[in-house]
Structures are given as C-alpha cells and as structure tokens.
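Step one of this worksheet: look at the structure below.
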Amino acid sequence: MHQKADIPQIDYWYYIENIIKEVLQTYGYREIRTPAFEHTELFVRGIGETTDIVNKEMFTFQDRKGRSLTLRPEGTAPVVRAFLEHNMSRENPLAKLFYLGNMFRCEKPQAGRYRQFNQFGLEAIGSQSPLIDAEIIQASLEIYKKIGLADLKLIINSVGCRKCRPKYLKALKDYFRDRKELLCSDCRERYDKNPLRILDCKKKQCQKEVKNSPTIFDYLCEDCKNHFRKLREYLDSLEITYQVNPLLVRGLDYYTKTAFEIISGELGSQNAIGGGGRYDYLVEELGGKYTPSVGFAAGIERIVSTMEKQAVRIPSWEGIKVFVATVSSEDNSSALKIVKQIRENGVSAEMDFLDKSIKAQMRLANKLNVSYVLIVGQEELKEQKVTIKNMSNGQQEKVAISKILPYIKTSQEE
RNA sequence: GUGGGCGUAGCUCAGUCAGGUUAGAGCCCUGGAUUGUGGCUCCAGUGGUCAUGGGUUCAAAUCCCAUCGCUCACCCCA
C-alpha cells in the first residue's frame, strides 16, 4: 500500500503535524484518536447510502464472527460515534475536537489520491451558530497559512436543511425532468438518487443544462438564509476572502447549510486540499439527540504536494553533531561511555558499529556532516583525554574527557 | 468501475522496435593509495529471480497471454 510518509518526506510531516497541534491548541480543540476501523453500518448511515464513498470506495471485511467492519474512509462519523459513546455532551455542550490519522478508500490511486492517505480534521459538535462555522474556516485557513501555503481559494455555499432542501430538490427534478435525455448516464442515475450531485458534474453536456437550473438561494428557508448571511458577515469581519458557488455540492450526504471547500491551483486534477461543512442531523442519525455541528477535513498528502510545488522551506533534521571514532577495538568501551555521556547532555552523537578502520570512520563522520570527531585511542586514554577534531577547519587538539562537553558546547555557540 | 503508460542494481536509466556469447552505465555503497584521521582525485570491488507465472522458439530482459504492482487520466474525492 502506498504511503507517502517515507524518509525523504518525514520532515514535512513533522512540520505539518506540529503546526496543526499548535494552532488548534490556541483554538481550544482537543485531539481525539479513534480506531482505524468501525462497524460498516456507521459509515453507511453516517455518510449516506447514495454516496460514492459508501457505494464503491470502502474497504469492507468481515471479522471472525461475521460482523462487517470497514476501514474508515473519513473521520467525522467515527468522531461522532465516539462523542456519543462517551456522552461528551454532558461534559461540555460544545465539543471541540480534532483528529489526525490515516483514512482508506478503495479506488484506483493516482496523483494526489491514495488508497491509504492521511487527513486532519476538526469538529465542533453542539452549536448551531454560524459563528462556529466561521471559526472552523478561520482555524483551517490559519493552519494553511502557518504552513506557508499561498494562493488557496475558499469556496462556500449553503445546501439548505431538512425544511428547505426537499423543496429545492423537487424544483431541480422538475427542471431536469424534460432534460433527462440530455444528461450523461451518471447524472440520469443521480436524478433519481441524489439530484444535487448533477450540479457538480463536470461533463460539458450536463454543465450546459445546469447553467439555467434553479438556484438553491431561491429556495433556502429563512433560517438557512440568515445562517448563510451571518456566516458571510463573520468571514468579512475576519477579512477572509471567499467565492460563493451555488454549485458546490460535497460528496457526503450529511452536509446541511454551510458547505465549503479549499482548493489549490497547483494540484491539477485533485485540487481540493480540504473541505467541510455543517452536519446538523448526523448526531441524530447516529442515535443521539439533535446536535447541530460543523467540521472540516484536509488531506496531508495534498498539503505536502502543494508545499513542494510552492517550494515552501521547512526546518529539516539537524543531523548528528559529534562522531566518536576509535583507533582500535580495544577503545570501544571507552568510546561507548563517552557517547553516552554526550547524549545524556542533549547533544547528538554517533560511533562506529561496523568495525571500520579509523579512516573509514572519518569518512563516515564526514558523510554525517558532524561538527566534531572525537578520536579515542590508547595514546589519549593514558592521559584521560581524547583528540577533538573540528571538521570545518580541520584543526584538532587534545581535551580532557571531563572537559569534552564544555568544549563542544562553547565552540558550538561561536 | 473505465481507459492510456510503465515495471532491468539501493537510486536514475541504457538495452526491448528488427530475440543470439558471462545484462551495462552513472550515482550510491565497500575497500585501498605504507603503518592512528574526512572532503578532491585515482584504483579496485560488492550488488540484478531483467515484477511474477505460463507460452512461442534451438535460443526470451526482448515476442505472446495472464496476474500483481506502480503511474496518469475519467468518475469522485483529501
């Protein structure tokens, strides 16, 4: 299974994860870690039976007792499950949680899309206020900004609620009824199952028909209209620029009211770097009481790939500071002790474990790009000393073993 | 799920179209250039079931089929 977290990229991952944790800490979100798999039913009910994720993208298997389990394709449903299972609403009427972990979708991999990938996401469970929608958007944008990504676009929309969406769906169906034959085969199916999805079909023939279709904004109820208006007001006051796109429909059924997506021009075909929205009925759907909520999720691989395209600079591994070389194998235990002493004082140190000659050890030290090589030999040990060689200027001198650390540390500050 | 491209050493690749001696290069790695010392240079060396399985042939990395994997696009999404 392809996993884009191997050694050459690990510095990116550390960097991103640290920023996520730091930023979300300041927003009051607590990390939650849920299992990599759940009962299949959770996703079917949560994400929706008509979605692509549930229909064709889940890694589903049976355990020994015949129960159907599924590797999580997304993070929100598991978080809500945990929220309910632990009765978090009793602790706090508004649960602010974030997660960071791998997700699985059974599809053909391609650029920016992997069967196992990583997302971070945040969920605010328990508030119906558009204020929290704005906070979630703000938090996610701040993370991108701290990471150093530029030129990201925020697109927002409202997809209505239980009250007004059915009216809109009916209007859509009325509109497309006579034009069904002009749509692609997928959209003809969507017409019956989930007409909203026709809106973001990328086929030219469908877009042509979508152009004059009824817009959701004519059908939103007062509550949804106000919510959207307030959200825009809050975003404006935060000086967040955005585009309203009434055709933005997300792939998960649970969204209500606010839906948003953040895209990066650099990514090509898979351009969504993150997305989210409000899911007012999900908690209820999963067996809790009505608990309006909003969340966001982003793909780490896509962040890394955008960082690479934008040449974002990150701190990298500092490497090893000191190499302790031995003249012969009889010096090994002394060297081992010296290495230990250096490491205990917080300085990174390495030695040879392959019985290399001193020449080979010097080469290794050079390859490791260390600042100092300490040479341990009988000649030095007789006087309780080691030879310290400064690898940048080649100079060396004998130093008492007890003075090694002060020597290294003071020279380091120069 | 649909359709392209690819799979030869740790890495980047040549060799495949026109089958034919022990499958090559660069980088990396290891060792050496007098005996306790790096970088540059020079010399030498290690390393490959040519993705896997089957077929055609006197002969297959090379042709054919299947499988697996990777990759790109579509769908959709992160």
Side-chain angles (χ1 to χ4, degrees), chain A residues 1-4 6-8 47 50-58 72-76 100-121 140 144 184-187 189-190 194 197 200-204 206 248-252 261-264 267-276 296-306 323-331 352 354-381 386-396 398:
Chain A
M1 195 132 314
H2 199 78
Q3 173 97 51
K4 285 233 162 174
D6 45 18
I7 294 295
I47 300 170
T50 63
T51 58
D52 284 341
I53 292 181
V54 168
N55 276 315
K56 51 179 202 188
E57 292 173 7
M58 295 205 300
R72 59 180 176 195
E74 61 102 45
T76 301
L100 196 54
N102 37 13
M103 306 294 158
F104 306 82
R105 289 185 200 170
C106 185
E107 14 175 20
K108 264 203 173 172
Q110 65 182 19
R113 181 159 75 216
Y114 311 100
R115 284 175 298 199
Q116 175 173 338
F117 59 102
N118 288 267
Q119 284 189 332
F120 79 89
S140 53
Y144 291 129
C184 69
S185 58
D186 286 336
C187 283
E189 256 186 67
R190 289 177 183 135
N194 191 353
R197 306 235 43 153
D200 71 348
C201 182
K202 286 172 188 89
K203 295 234 168 66
K204 275 211 179 104
C206 301
L248 174 69
V249 175
R250 310 218 68 245
L252 297 90
E261 205 158 83
I262 291 163
I263 61 177
S264 159
L267 290 179
S269 200
Q270 267 66 45
N271 65 355
I273 195 168
F296 166 81
I300 312 269
E301 284 83 355
R302 289 186 186 178
I303 292 175
V304 170
S305 142
T306 307
F323 189 94
V324 178
T326 53
V327 173
S328 82
S329 59
E330 59 183 324
D331 311 316
D352 166 52
L354 300 173
D355 281 321
K356 287 173 186 285
S357 67
I358 180 134
K359 189 190 190 73
Q361 290 179 65
M362 290 304 293
R363 275 196 199 141
L364 176 56
N366 182 61
K367 198 174 70 181
L368 292 173
N369 201 20
V370 300
S371 307
Y372 299 98
V373 173
L374 312 198
I375 296 164
V376 180
Q378 292 305 302
E379 203 182 287
E380 288 85 353
L381 290 174
V386 296
T387 297
I388 299 187
K389 177 163 187 170
N390 180 325
M391 292 297 273
S392 52
N393 60 19
Q395 288 174 359
Q396 61 185 53
K398 284 188 188 171

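So you know, we letter chains A, B, ... as the sequences are listed, proteins then strands, and number each from 1.
- The residue I273(A) sits close only to the backbone: its heavy atoms come under 4.0 Å of sugar-phosphate atoms, none of a base.
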Using a cut-off of under 3.5 Å, enumerate the N/O to N/O pairs linking the protein to nucleotides 37-41 of chain B.
from, atom 1, to, atom 2, distance (Å)
U37(B), O2, K389(A), NZ, 3.2
U37(B), O2, Q396(A), OE1, 3.3
U37(B), N3, Q396(A), OE1, 3.0
U37(B), N3, Q396(A), NE2, 3.1
U37(B), O4, Q396(A), NE2, 2.7
G38(B), OP1, K359(A), NZ, 3.4
G38(B), O2', N366(A), ND2, 3.3
G38(B), N7, K389(A), NZ, 3.0
G38(B), N1, M391(A), O, 2.6
G38(B), N2, N366(A), OD1, 3.1
G38(B), N2, M391(A), O, 2.9
G38(B), N3, N366(A), OD1, 3.2
G39(B), O4', N366(A), ND2, 3.0

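- Atom name C1', nucleotides G4(B) and U46(B): the rounded distance is 40 Å, in whole Å.
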* Asked: Between Q396(A) and T387(A), is a side-chain hydrogen bond (donor to acceptor under 3.5 Å, both in side chains) present by the stated rule, with each step listed?
  -> CA-CA 7 Å; Q396(A) 61 185 53; T387(A) 297; 5.2 Å; no
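- Dashed line: the shortest gap from a side-chain N or O of R115(A) to OP1 or OP2 of C70(B) is under 4.0 Å.
- Side-chain contact between V327(A) and Q378(A) is absent, with no heavy atoms from C-beta onward closer than 4.5 Å.
- One can place CE of M58(A) at 19 Å from P of C76(B), the figure rounded to the nearest angstrom.
- The residue L252(A) sits close only to the backbone: its heavy atoms come under 4.0 Å of sugar-phosphate atoms, none of a base.
- Qualifying salt bridge (Lys or Arg N to Asp or Glu O under 4.0 Å) partners for E330(A), counting only residues two or more places apart in sequence or in other chains: none.
- Nucleotide C76(B) holds its P atom 12 Å from the CG atom of N194(A), rounded to whole Å.
- In this structure, Q110(A) atom CD and C72(B) atom C1' are separated by 7 Å, rounded to whole Å.
- In this structure, the CG atom of N271(A) is 12 Å from the P atom of C77(B), given to the nearest Å.
- For C40(B) and A33(B), the C1' atoms lie 14 Å apart once the distance is rounded to whole Å.
- The side chain of F117(A) sits closest to A78(B) out of A78(B), C75(B), C77(B).
- A distance-only check finds no donor-acceptor pair linking the side chain of R105(A) to the backbone of I53(A) [under 3.5 Å].
- Between the CD1 atom of I303(A) and the P atom of A78(B) there is a distance of 13 Å, given to the nearest Å.
- A18(B) and C29(B) are spaced 41 Å apart, taking the P atom of each and rounding to whole Å.
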* Asked: Yes or no on salt bridge (Lys or Arg N to Asp or Glu O under 4.0 Å) for K398(A) and E380(A), after CA distance, side-chain angles and deciding distance?
  -> CA-CA 8 Å; K398(A) 284 188 188 171; E380(A) 288 85 353; 5.3 Å; no
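- Taking a pair to require two hydrogen-bonding distances under 3.5 Å in either a Watson-Crick or a G-U wobble arrangement, A60(B) remains unpaired.
- A23(B): no Watson-Crick or G-U partner with both key distances under 3.5 Å is found in any strand.
- Remark: the backbone N or O of T50(A) is paired with a side-chain donor or acceptor of N55(A) at under 3.5 angstrom.
- Note on Q361(A): nothing from the nucleic acid sits closer than 4.0 angstrom, heavy atoms only.
- Spacing of P atoms, G38(B) relative to U22(B), comes out at 43 Å, to the nearest Å.
- For the C1' atoms, the distance linking C50(B) with A23(B) amounts to 8 Å, nearest Å.
- Judged by distance alone, the side chain of Q361(A) and the main-chain N or O of K356(A) form a donor-acceptor pair under 3.5 Å.
- Nucleotides U34(B) and C43(B) have their C1' atoms positioned 16 Å apart, rounded to a whole Å.
- Here G36(B) presents its C1' atom at 14 Å from CG of D352(A), a figure rounded to the nearest Å.
- Residue A360(A) is in sugar-phosphate contact alone, with no base atom involved, counting any heavy-atom pair closer than 4.0 Å across all strands shown.
- Residues C206(A) and C187(A) share a closest heavy-atom pair of SG-SG, 3.7 Å.
- G24(B) and A9(B) have their C1' atoms separated by 10 Å, given to the nearest Å.
- When all heavy atoms are compared, the tightest approach of T51(A) to L252(A) is CG2-CA, 4.1 Å.
- In this entry G1(B) has C74(B) as its Watson-Crick or G-U wobble partner, both defining distances falling under 3.5 Å.
- Inter-residue side-chain proximity for R113(A) and K108(A) is flagged as unmet; no heavy-atom pair is nearer than 4.5 Å.
- Annotation: side chain of F323(A) is not in contact with side chain of N366(A) (no heavy-atom distance under 4.5 Å).
- E189(A) contributes no side-chain N or O that, together with a main-chain N or O of D186(A), makes up a donor-acceptor pair within less than 3.5 Å.
- Checking P109(A) against C201(A), the closest nucleotide of RNA chain B that is more toward the 5' end is the one next to P109(A).
- A 3.5 Å limit on both hydrogen-bonding distances identifies no Watson-Crick or G-U partner for G48(B).
- Nucleotide G69(B): paired with C6(B) (Watson-Crick or G-U wobble, both distances less than 3.5 Å).
- Put simply, CD1 on I53(A) is 13 Å from C1' on C75(B), counting in whole angstrom units.
- The CD1-P distance, from I47(A) to C76(B), rounds to 17 Å in whole Å.
- For the C1' atoms, the distance from C6(B) to G47(B) is 24 Å, rounded to whole Å.
- Put simply, the side chain of R302(A) and the base of C77(B) share a donor and an acceptor less than 3.5 Å apart.
- At C76(B), one or more side-chain N or O atoms of R190(A) fall inside 4.0 Å of OP1 or OP2 (strictly under the cut-off).
- R197(A) comes within contact range of the sugar-phosphate backbone alone, with a heavy-atom separation under 4.0 Å but no base atom that close.
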I'd like a list of close polar pairs between nucleotides 1-3 of chain B and the protein, N/O only, cut-off under 3.5 Å.
from, atom 1, to, atom 2, distance (Å)
U2(B), O4, K108(A), NZ, 3.4
G3(B), O6, K108(A), NZ, 3.4

